[in-house]
2 protein chains.
Amino acid sequence: MATIYDVAKAAGVSPKTVSRVMNGDAPVNQATREAVEQAMLALNYVPSSAARTMRSQRSGLIGMITGAISTTHQFEDAGLPEIYLVQGAQRVIGQSNRTLLIADSGGQADRIPTLLQTFREHRVEGILYVAEYHREVTLPASLRDLPIVLVNCFDAAETPCILPDDEGGQFTLVDGLIRRGHQRIAYLTLPEHQVACGLRVAGYHRAHAQHGIAVDERLIQVGALPSPTHEFDLLWDALDRVLKAEPTVICCANDKMAMRVYGLLRDRGVAIPQQMSVAGYDDYRMIAEHLHPGLTSAVLPYAAMGARAADKLLRLIGGSTKPGEPNREHVSAPVAWRDSVLTRDANVTQLNSRRRET
Amino acid sequence: MATIYDVAKAAGVSPKTVSRVMNGDAPVNQATREAVEQAMLALNYVPSSAARTMRSQRSGLIGMITGAISTTHQFEDAGLPEIYLVQGAQRVIGQSNRTLLIADSGGQADRIPTLLQTFREHRVEGILYVAEYHREVTLPASLRDLPIVLVNCFDAAETPCILPDDEGGQFTLVDGLIRRGHQRIAYLTLPEHQVACGLRVAGYHRAHAQHGIAVDERLIQVGALPSPTHEFDLLWDALDRVLKAEPTVICCANDKMAMRVYGLLRDRGVAIPQQMSVAGYDDYRMIAEHLHPGLTSAVLPYAAMGARAADKLLRLIGGSTKPGEPNREHVSAPVAWRDSVLTRDANVTQLNSRRRET
DNA sequence: CGATGTCATGACATCGGTGTCATAAATGAA
DNA sequence: TTCATTTATGACACCGATGTCATGACATCG
């Protein structure tokens with residue numbers, strides 16, 4: 001592999017001049033520059049980032065640590081859309097001329113120290129710490145000395161973080177449902193211990209309050225999906241309970257649950273959306289777009305969160321954080337309206353976008 | 001950040017001795033070793049991979065280049081399960097004490113050269129080139145000088161690659177259906193230009209041949225999903241056509257299509273699986289497990305493919321490829337049987353696993 | 001015309017590890 | 001006891017960039 005010395009020799013200049021051509025940090029004669037560029041091309045020269053890192057003490061690497069990717073196998077597959085997160089982050093990081101180093105903990109917390117060690121060896125300039133679902137975490141003490149931004153999680157120490165606006169998302173969804181003529185809105189929630197659950201229920205209430213609609217508590221039920229720990233289909237019971245309260249629409253905690261509700265409702269001979277509207281959360285497009293009818297869903301803005309997180313991290317590294325900047329940032333997102341929600345009030349027009357022609 | 005010199009000074013030895021303690025490449029006195037280890041701990045020493053790479057000329061990095069992650073936005077989201085691929089690869093690579101450097105082309109082919117440049121600067125020892133779906137590719141000429149393994153794709157130059165066994169997967173599925181008493185098996189295929197389409201149709205035929213069942217060609221239809229380019233729901237027509245041939249089960253090209261077929265069948269009042277069995281392909285668990293009833297699906301073994309590819313690449317790098325080793329390797333996988341397939345022949349017992357209690 | 005400044009370039013040291021070789025002490029064999 | 005090994009350690013150079021400083025050739029100014 002050609003080095004800067006080979007290029008220098010071929011171009012008949014000193015290595016330092018080659019360096020100057022590459023970095024443009026000092027004027028170089030036009031003729032010299034061309035000679036050097038030709039030599040680089042001829043030798044297929046690629047500068048060594050290792051040598052650069054060593055001399056400049058800057059690796060140009062950003063570490064991203066994620067557990068969710070593999071958590072998938074062990075627990076639930078809630079984490080899949082994380083790739084959007086990677087995407088969003090990578091776009092921003094790439095623009096800053098840095099490289100993203102991704103490490104997957106494989107869902108095993110005990111592997112994290114090893115991964116961090118690798119990051120340190122590569123002298124990453126900062127770390128994006130990604131959780132598979134909105135939650136509180138406790139950072140290993142060994143992370144305190146690196147610029148770090150948490151994504152989809154937060155800690156007690158107020159480490160900078162980027163979170164989804166769960167309250168706002170559910171508010172927007174329910175508000176939209178009400179505007180579409182729904183008054184009895186059922187809600188099959190996440191397990192109550194989840195951070196997002198409380199926030200979204202709050203959004204649900206705020207939307208009702210804003211429209212002066214009293215909330216019938218029977219409409220809110222925890223909609224547990226079957227899992228390795230819960231053999232039985234608790235969702236079936238939860239659905240049963242909310243149906244007794246006679247809703248016109250059922251909000252589900254996520255698209256997966258909504259997909260299941262589609263099946264359960266149809267087993268009972270309930271037509272979607274003619275007899276019952278359904279909404280999800282996540283806008284997990286692989287599901288939401290391909291269910292029939294298309295599933296209305298509050299967007300979980302992973303790509304935007306990744307980008308925001310990368311941006312914040314770069315500012316942390318560059319020391320250019322604004323003085324008043326809050327440590328915790330919430331990313332809002334719209335609702336993707338699809339055909340699973342029926343507009344009941346004939347006076348409400350033009351709200352239901354993306355109509356399918358059948 | 002502490003260097004090897006700091007550690008040496010603290011431990012009262014030479015840097016080289018510290019190096020020996022770390023690498024164990026020469027005997028070190030027990031007392032000395034302990035002193036060094038203590039110093040490393042006290043100073044929180046982490047060796048610099050940049051310095052190592054420079055001296056040893058080995059980066060310990062493997063590059064993975066993928067387009068699918070972002071293709072998602074632009075075309076179809078077929079690529080999502082790639083994360084499993086990353087996982088599988090990372091496990092193997094981690095065991096070899098190397099680090100995986102992942103670059104996402106963002107679905108834009110023109111960004112690939114930039115990514116490769118980054119890989120080169122980091123002196124990756126080899127490359128995993130991942131396609132979003134089973135296809136033929138043409139490698140940029142600049143890749144010829146690096147050890148490389150294609151994943152989910154192949155090229156005319158017979159570059160080593162790892163492919164899914166599409167023929168075998170569909171065969172296993174159809175064979176299983178026949179054993180469960182199905183004789184009229186509809187098949188909504190992928191678009192015909194896709195490599196996997198031909199292979200799977202071949203598997204479909206082989207299974208029929210093996211059981212001496214003639215294939216009614218009307219049962220095989222291309223089942224295009226709606227997409228930006230196809231506004232209309234061609235799947236609806238395709239389904240219409242296969243239903244005329246009176247099948248007892250419908251095989252779909254992928255789980256996404258199967259999900260849609262669930263909806264379309266139910267619109268027609270067809271109960272799954274009582275009146276019609278359904279099967280998918282991919283075993284995209286987020287869909288297959290949560291559809292109701294659970295979707296039977298041929299597994300697309302991404303994790304195994306990632307691991308196999310990493311393994312093959314490491315052997316290429318290490319020069320320990322077996323002489324007779326084929327360039328193209330196919331990874332087989334079983335079928336995940338779930339409740340969407342009805343066992344029709346009462347004599348066939350114990351085949352339908354994972355029964356749900358309702 | 002000499003002083004000063006800018007442009008263009010090179011010599012040299014340095015970043016933090018590790019390969020090579022040298023050396024001294026301890027051990028074992030003859 | 002003496003020579004041959006083995007063990008334990010250090011001195012030194014080197015990997016490939018780039019920061020610092022020096023130098024020579026011109027250009028500009030008073």
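Here is the naming used below: chain letters follow the sequence lines, and residue numbers restart at 1 for every chain.
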note: A:His122, atom NE2; C:dC15, atom P; distance rounded to Å ~ 22 Å
Rounded to whole angstrom units, what separation is found between the NZ atom of B:Lys9 and the P atom of D:dG10?
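To the nearest whole Å, that distance equals 14 Å.
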Note: A:Asp311-A:Arg91 ion pair, threshold 4.0 Å (strictly below)
no
Side-chain contact test, heavy atoms from C-beta onward, threshold under 4.5 Å: evaluate it for A:Leu116 versus A:Pro140 and give yes or no.
yes
Side-chain N,O (B:Thr32) to OP1/OP2 (D:dA8) below 4.0 Å
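Result: no.
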Has B:Thr17 got a side-chain N or O lying under 4.0 Å from the OP1 or OP2 atom of D:dG10?
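Answer yes for this pair, as a side-chain N or O of B:Thr17 is under 4.0 Å from OP1 or OP2.
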Base, sugar-phosphate alone, or nothing: which one does B:Ser49 contact when heavy atoms must sit under 4.0 Å apart?
nothing
For each nucleotide in nucleotides 14-19 of chain D, reading 5' to 3', give B when a protein heavy atom comes within less than 4.0 Å of its base, S when such contact involves only the sugar-phosphate, and - otherwise.
BBBBBB
Using purine N1 to pyrimidine N3 plus N6-O4 or O6-N4 for Watson-Crick, or N1-O2 and O6-N3 for G-U wobble, both under 3.5 Å, which nucleotide pairs with D:dG30?
C:dC1
Mind checking who C:dG28 pairs with, Watson-Crick or G-U wobble, both distances under 3.5 Å?
D:dC3
Atom CG of A:Asn97 with >12 non-hydrogen neighbours under 6.0 angstrom
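No.
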CD/A:Gln38: more than 12 non-hydrogen atoms of other groups inside 6.0 Å
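Not more than 12 within 6.0 Å, no.
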Residues B:His122 and A:Ser49: side-chain donor-acceptor under 3.5 angstrom
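On atom types as modelled, these side chains qualify, holding a pair under 3.5 Å.
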We want to know whether B:Ser96 and B:Arg98 form a side-chain donor-acceptor pair, criterion being a heavy-atom distance below 3.5 angstrom.
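B:Arg98 and B:Ser96 do have a side-chain donor-acceptor pair below 3.5 Å.
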